[in-house]
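Notes follow the structure.
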Amino acid sequence: MFGDTLKKALDRIELEINGEQIERLESFAAFLLEKNRQFNLTAVKTMEEAAVRHMADSLFLLKCADLKNKRILDVGTGGGFPGMPLKLYDPELDITMLDSTAKRIDFIKEAAARQGIEAAGVTARAEDAAKGDMRGAFDVVTSRAVAPLNILAELSMAFLKKGGMFMPMKSRNEAAEAELREAKNAIAEMGGSFEGRKEYDIEGNGPRQVLFIRKTGETPRAYPRAYNKIAKKPL
Ligand code: SAM
């Protein structure tokens with residue numbers, strides 16, 4: 001059962017959840033799997049998998065920072081992760097979800113509206129949006145499964161206010177360590193500094209972590225570059 005699986009997963013990260021919140025997340029998961037038959041939103045196939053790999057995993061961010069009264073951006077949200085579970089857990093949170101694919105952003109807005117919640121979604125490439133009025137506008141920027149960290153830092157960090165926190169969600173393994181080492185230069189170029197990480201384990205989801213990268217300086221106006229340049233010559 002979705003609710004039991006979700007509760008058990010959240011017990012592992014010591015996060016409480018009430019019946020209303022479970023209902024909202026369950027209804028979203030069902031809609032996600034239904035729409036996934038029409039177009040690609042997730043590799044997840046069952047409600048139980050969705051509870052663990054999408055809902056509980058996304059909600060771990062609530063254990064990483066006080067998100068209340070913060071402006072939060074989810075870069076490359078896809079089917080709405082981690083943004084939607086956070087918004088459905090606490091509809092008061094100020095979360096903007098950004099993706100380059102209009103179908104995915106339309107899905108998120110429709111999914112939220114079905115529950116009487118208004119979700120802020122933006123269809124744009126991150127490297128374009130970061131040149132406009134979203135630049136320097138967010139306290140927290142997060143992202144999951146979008147790009148290696150050196151590329152992701154360039155796509156994401158210009159959105160942060162000075163003093164804000166970039167919190168990418170990553171697997172926890174040797175490849176992730178190499179990724180972090182290779183991103184040190186990009187993080188510094190973006191005006192950031194790596195402050196640490198919070199590790200977590202949810203059964204059925206593998207070892208995971210959230211990284212904490214503080215924007216201590218300014219991101220030079222030249223960044224982010226066009227995507228072909230970022231990909232061809234990562235910082
Ligand atoms: N974050 C979601 C998750 O964890 O399930 C989706 C991950 S999916 C593998 C990557 C998403 O990032 C896709 O929806 C894609 O459209 C989006 N994306 C990739 N590059 C992007 C960019 N430069 N700007 C905006 N969205 C981007």
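Read the numbers this way: they start at 1 and go in the same order the structure lists the ligands and their atoms. Hydrogens, waters and symmetry mates are skipped; everything else that's a heavy atom, side chains included, is used.
The cationic group of Arg208 does not satisfy the cation-pi geometry with Phe60, failing either the under 6.0 Å distance to the six-membered ring centre or the 45° limit from the ring axis. A cation-pi arrangement, defined by a distance under 6.0 Å to the six-membered ring centre and an angle within 45 degrees of its axis, is present between Lys103 and Phe39. Relative to the six-membered ring of Phe31, Arg114 meets both conditions, a distance below 6.0 Å and an angle of at most 45° to the axis.
In terms of polar-atom proximity, defined here as any N/O pair under 3.5 Å, Asp74 makes no such contact with ligand 1. Close N/O approach between Leu98 and ligand 1 is not found [any backbone or side-chain N/O within under 3.5 Å].
Under a 4.0 Å criterion applied to the non-hydrogen atoms of Thr101, ligand 1 contributes the atoms 16 (O). Set against the non-hydrogen atoms of Arg125, the atoms of ligand 1 under 4.0 Å away are 22 (C), 23 (N), 24 (N), 25 (C). Here is the list of ligand 1 atoms found below 4.0 Å of a heavy atom in Thr77: 1 (N), 2 (C), 6 (C). Numbered from 1 in the order shown, with element, the atoms of ligand 1 that lie under 4.0 Å from a heavy atom of Ala126 read 22 (C), 23 (N), 24 (N), 25 (C). Listed by number with element, the atoms of ligand 1 under 4.0 Å from a non-hydrogen atom of Gly78 are 6 (C), 14 (O).
When each of Arg197, Arg172, Lys170 is tested with Glu177 by the rule salt bridge (charged side-chain N to carboxylate O under 4.0 Å, His left out), just one qualifies, namely Arg197.
Ile151 and Met190 fall into different hydrophobic clusters, where Ile, Leu, Val, Met, Phe, Trp and Tyr residues are linked whenever their side-chain heavy atoms come under 4.5 Å apart, directly or through other members. Cluster annotation: Phe159 is connected to Ile187 through the hydrophobic network of ILVMFWY side chains, with a link wherever side-chain heavy atoms come within less than 4.5 Å.
For atom 27 (C) of ligand 1, the nearest non-hydrogen atom of the protein is Ser100 OG, 3.6 Å. In terms of protein heavy-atom proximity, atom 19 (C) of ligand 1 is closest to Val146 CG1, 3.9 Å. In terms of protein heavy-atom proximity, atom 9 (C) of ligand 1 is closest to Ala145 O, 3.1 Å. Among all protein heavy atoms, the one lying closest to atom 6 (C) of ligand 1 is Gly76 O, 3.5 Å. When only non-hydrogen protein atoms are considered, atom 14 (O) of ligand 1 lies nearest to Asp99 OD2, 2.7 Å. Of all protein heavy atoms, the one closest to atom 4 (O) of ligand 1 is Arg144 NE, 2.6 Å.
Residue contacts with ligand 1: Ser58 is excluded, as none of its non-hydrogen atoms falls under 4.0 Å.
Considering only heavy atoms from C-beta on, Lys198 stays 4.5 Å or farther from Leu211 through its side chain. Glu189 is not listed as a side-chain neighbour of Glu154, based on a closest heavy-atom distance of 4.5 Å or more.
Neither the backbone nor the side chain of Ala147 has a heavy atom within less than 4.0 Å of ligand 1.
Taking the six-membered ring for Trp, Phe28 and Phe81 have ring centres closer than 6.0 Å.
Counted by atom type alone, Tyr200 and Gln209 present zero donor-acceptor pairs between their side chains at under 3.5 Å.
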